[in-house]
Each structure stands twice: as C-alpha cells, then as structure tokens.
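What follows is a single structure, written as structure tokens, with notes after it.
Fair warning: this is a prediction, and the values are worked out from it, not measured in the lab.
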Amino acid sequence: MDRLDGSAHLMIVSDLDFTMVDHLDPDNLGLLRFNAMWEAYYRQDSLLVFSTGRSPTIYKELRKEKPLLTPDISIMSVGTEIMYGESMIRDEDWEQYLNQNWNREIVTEETAQFPELTPQSETEQRPHKVSFFVEKIKALKVIRFLSERLEKRGLDVKLIYSNETALDVLPKGAGKGQALAYLLEKFKVDGKMPVNTLVCGDSGNDAELFSVPEVYGVMVSNAQEELLQWHAENAKNNPNIIHATERCAAGIIQAIGNFSLGPNVSPRDIGDFQKCKVEIYNSCHEVVKFYLFYERWRRAEVAKNMQTPNLIFFPLGTFVHPSGVEQPVSHCIDVMARLHGDKQGTDYRIWVDRVSSEQVGSDTWCMKFYKWEAFGEERRGCLTTVLLSSKAKVPDGFTWMHMHQTWLEGSEPKDETTWLF
C-alpha cells in the first residue's frame, strides 16, 4: 500500500476466475490485452487488486498457469484474507477483526449434520472460511436451516452461495465487499483515497463488491445469473454499474472506456505503432511496445525489416544475458535477424510485469520489470533493467542504451541460445 506516494489515479478490484481470467480462452488474449494496457498506462500511478474466492495455495497455482500480473493487493478466500505486494504480507489486523463471534469448530460441527454438503479440498478450508459443494436444488433449504442452527449457537456468520455449486461459511464481517471497504478506510485514514475505484465480477460472491459506496462496477458479459439477479433486485438503477458486452478482461477494458477512467486502448490492439500514434507516450509504454514488436517478430507477424531494431538500439550499447555473458548490441541484432519467424504458427507470447520507471537524468530513464516468455508448457522469466535515453533518432521515442537480465528463480531454460532481450 506504500508503493504510491499519493492517491491512486485508479484502483481496479477484480475477481479472477471468469472475470480477469477467461478459462475458455486458451490463448489468454483478453488477459494479455489487459496486461499490456495496465503496464503501459496505469502501473506507475494506479493500484491493481485481485479479489478471489481462491485460497493462497490455488491462487499461486493459477499464477503458474496463466499470464497474470503481480497485484498490489490480494484479497483471498472470499474476503477473509488480505495480503500485500509480491511477498503477500498478511494483514493481521483484518484477521483479528474477523475473530469476533467466530468459532470454526462450531461451524464444522454444525455443517457435519448436513449430508447434502460435500467439503471442498483441504486447501480451501481456511481459518475464517469453511467451504462446501452443494447442489443448486438443495442449496436454499440448506442455507436456511444451517443459518438458524449457527445463530442458535451464538455465531455471527455469513453464508455465500456462488457458481451454482459453492457454499462458503464466513464470519459476519467477512466477504469481498467488507474487505474492500476496510481497505478504502485505510486509504482514507492515510490520506490516499483512490480517485476512482472500479470493481469487476461475474458471480454471486462478487455481489458485495458492487454494494460498496462510490465505486464504479462492471459485470462482465459472461456474468452468472445469480449476479445478474442480485443486480436486478438491488442496483438496476445505479448508473455506475454496467453489464459489459465483452467477456472477462475485455469487459474490464470496456468499462474503463465507458466510465472515462483513463486510456482504454491496449497496445496489443495497435497493429502498426508507426501509423497509429498514441495519446500517452512514456517510458513504460516504450517497454510494452518493444516487447510486443519482439513477440510479433518471432511469430513473423511483422516484416523482416532490420531498420526498426537498428533505430531502437544504441549501436555501441551492451546486453548482459541472464547467464551473465555480456554481448554487444550489434551481435544481438544479428541474432535477432536469424530468429525472425522461428515461432511462426505457435502459441509463443511475451508479457512484462511490474514495470517501474525512474528518471535518472534530464533525458535518461532506468526501467525495471519482469519479462516473461511462454511457449507451449514452458515459461521463462527474468528481472530486466534497461537504460533508456530520449536523445533519440527515433521520433517521439527512446533509444535503448543498455540492458541487463537475471533469471528469476526456477526460470532458467535448458537451451539459452534462443533467449534474447
């Protein structure tokens, strides 16, 4: 929460499964479009929050499967756990608050009396969340009788049914909406209230997010009936909540444009950057733009014209390979020429994460970010540092002076010869 000196220009609070992540999109194009837009235009002055029903264990599994960015804040286990930054530092004050009138042993005792309930996996049973599967036809009856029994035992609980199959028993004060309200209050106390907040969801356990005052909201086009019904009964006259016509992450991008919250054209949607000039151009956009070009180069989606890389790189610059070998940029450009089209017709993709920019001179920027490549089942990543100069022969652009890369833990490929930039 301390990454930004002042208020976030925009805070996006998004569910993951079938909201940010479209499990029916094997190429992850919607997510990659959002990633490019966020890192180019928003990472420097905005906050990304993932609010998911997943426990930390299966959240980390999803991160290995999908090209997810690193959020600033993670709200997990249906709003019962709040964690900060890449290190996922727990908010212990929130967990202490949830202990009020909560007794997990009593919950497990009472739920054991309902044979209709099938416990979810052990990873999803959390200190302040007890989770089950239950058939839709039996859910209402179970919820009614279970609520009565727990109330008689002196507990203040909340039962949330979502995805027409999952039932979560939580402390009364928990939930995605309450967790967000808690965060907003912390920002308010610190004098860092976000200028705008956009909440995004698709299922019943996201409904509380849309109840938080003064937020914008988007129900993605593939939202489930349970969320649409909640909206019809509780918020149909709220102009700040829309039902997108686009699926998942594409629906989030659509909402940013609908509410005029900032740039809403992903760099991935721009086919030719020379012909299409963007309104906001900065060092972060430069990083995103280059790696999109490099991905397209490897996939033979751009012509083999060496003028572009020769314009981008300082001819006397150096590239330190993640293996530690220092190479002149001129050699790297020769290698790049040979790699043109070597990934043609494949699922090869590149994305960048956690792009940061620091101006270290009147016309010089130091960029740091994670660069990721995915190809089939393989995924490789490295910490990348780049020195950019605006003393460029590139109109409205930057010259890449120097690049240094270090493998992220567990990312070293068996064959390092095709890793470049």
Side-chain angles (χ1 to χ4, degrees), residues 15-18 51-59 75-83 90-182 201-212 223-235:
D15 174 50
L16 288 176
D17 296 288
F18 288 105
S51 183
T52 177
R54 287 177 176 251
S55 67
T57 301
I58 63 170
Y59 163 70
I75 301 172
M76 307 244 178
S77 306
V78 198
T80 61
E81 299 176 78
I82 299 175
M83 302 180 183
R90 306 183 74 88
D91 190 322
E92 295 181 358
D93 291 341
W94 175 245
E95 294 176 20
Q96 286 294 322
Y97 166 73
L98 295 183
N99 282 333
Q100 300 174 32
N101 292 326
W102 171 255
N103 187 312
R104 202 176 187 285
E105 290 184 10
I106 293 177
V107 173
T108 54
E109 284 175 18
E110 292 297 335
T111 51
Q113 307 304 312
F114 291 82
E116 302 93 335
L117 296 176
T118 302
Q120 293 183 24
S121 65
E122 275 302 310
T123 62
E124 301 315 287
Q125 311 302 334
R126 307 296 297 170
H128 297 98
K129 180 173 82 78
V130 187
S131 299
F132 304 90
F133 295 115
V134 59
E135 294 178 29
K136 182 180 179 181
I137 195 171
K138 301 175 181 176
L140 286 176
K141 182 179 178 182
V142 169
I143 290 171
R144 184 170 69 253
F145 284 109
L146 178 58
S147 296
E148 292 174 357
R149 294 184 65 133
L150 291 171
E151 187 176 347
K152 288 179 181 177
R153 297 288 301 270
L155 298 188
D156 286 335
V157 299
K158 175 185 294 181
L159 280 71
I160 297 180
Y161 187 62
S162 58
N163 299 310
E164 298 184 349
T165 180
L167 179 64
D168 299 306
V169 185
L170 319 172
K172 188 77 171 179
K176 291 185 176 184
Q178 279 86 341
L180 174 56
Y182 168 83
D202 77 299
S203 70
N205 68 15
D206 300 316
E208 290 183 355
L209 289 173
F210 298 93
S211 300
V212 176
Q224 296 181 25
E225 185 59 35
E226 62 206 24
L227 180 58
L228 298 178
Q229 183 176 339
W230 175 90
H231 176 259
E233 294 173 356
N234 298 278

For residues Val169 and Leu146, determine if any side-chain heavy atom of one lies less than 4.5 Å from a side-chain heavy atom of the other. yes
Is the number of heavy atoms from other residues, nucleotides or ligands under 6.0 Å of Glu105 CD greater than 12? no
To the nearest 0.5 Å, how far apart are CH2 in Trp102 and NZ in Lys129? 10.0 Å
Could you pull out the closest heavy-atom pair between Leu16 and Thr52, with the gap in Å? CD1-CB, 3.9 Å
Could you give me the CA-CA distance, side-chain angles and deciding distance for Asp202 and Gln224, then say whether side-chain contact (heavy atoms from CB on, under 4.5 Å) is met? CA-CA 6 Å; Asp202 77 299; Gln224 296 181 25; 3.8 Å; yes
Straight-line distance of Leu150 CG to Asn101 CG, nearest 0.5 Å: 12.5 Å
Minimum-distance pair of heavy atoms, taken over all atoms of Gly201 and Asp206: CA-OD2, 3.4 Å
Name the one of His231, Glu233, Glu226 that satisfies side-chain hydrogen bond (donor to acceptor under 3.5 Å, both in side chains) with Gln229? Glu233
Pairwise side-chain contact, Met83 with Asp91, heavy-atom cut-off 4.5 Å (strictly under): no
Under a 4.5 Å cut-off applied to non-hydrogen side-chain atoms, are Glu208 and Ile160 in contact? yes
For Glu109, look at atom CD and say whether over 12 heavy atoms of other residues, nucleotides or ligands are found less than 6.0 Å away. yes
Nearest 0.5 Å, please: how far is CD in Glu151 from NZ in Lys172? 8.5 Å
Identify whether the distance between the nearest side-chain nitrogen and carboxylate oxygen of Lys141 and Glu116 falls below 4.0 Å. no
Rounded at 0.5 Å granularity, tell me how far CZ in Arg54 sits from CD in Glu124. 8.0 Å
Minimum heavy-atom distance between Ala207 and Leu227, given as atom pair plus value: CA-CD1, 3.8 Å
Side chains of Asp168 and Ser131, heavy atoms from C-beta outward: is any pair under 4.5 Å? yes
Under 4.5 Å between any side-chain heavy atoms of Ser55 and Met76, yes or no? no
Just how far is it from atom CG of Asp17 to atom CD1 of Ile58, taken to the nearest 0.5 Å? 7.5 Å
Roughly how far, to the nearest 0.5 Å, is the OH atom of Tyr182 from the CD1 atom of Ile75? 11.0 Å
Does a side-chain heavy-atom distance below 4.5 Å link Phe114 with Arg149? yes
Carboxylate-amine/guanidinium proximity below 4.0 Å for Glu225 and Lys136: no
Would you say the side chain of Val134 lies within less than 4.5 Å of the side chain of Tyr161, judging by non-hydrogen atoms? yes
Answer yes if the side chains of Asn163 and Thr165 hold a donor-acceptor pair under 3.5 Å, and no otherwise. no
Smallest separation among heavy atoms of Thr57 and Thr123, with atom names: CG2-CG2, 3.9 Å
Distance-only, no hydrogens or angles: does the Lys176 side chain make a donor-acceptor pair with backbone N or O of Ser51 under 3.5 Å? yes
Side-chain touch Pro56/Arg126, heavy atoms, less than 4.5 angstrom: yes
Go through the steps for Arg104 and Gln125 under the test side-chain contact (heavy atoms from CB on, under 4.5 Å), then give the verdict. CA-CA 10 Å; Arg104 202 176 187 285; Gln125 311 302 334; 3.2 Å; yes
Let's go through Gln178 and Trp94 carefully: what are the C-alpha distance in whole Å and the side-chain angles of both, what is the deciding distance for side-chain contact (heavy atoms from CB on, under 4.5 Å) to 0.1 Å, and is it a yes or a no? CA-CA 10 Å; Gln178 279 86 341; Trp94 175 245; 4.0 Å; yes
Which heavy atom of Ser162 sits nearest to which heavy atom of Gly204, and what is that distance? CB-N, 4.1 Å
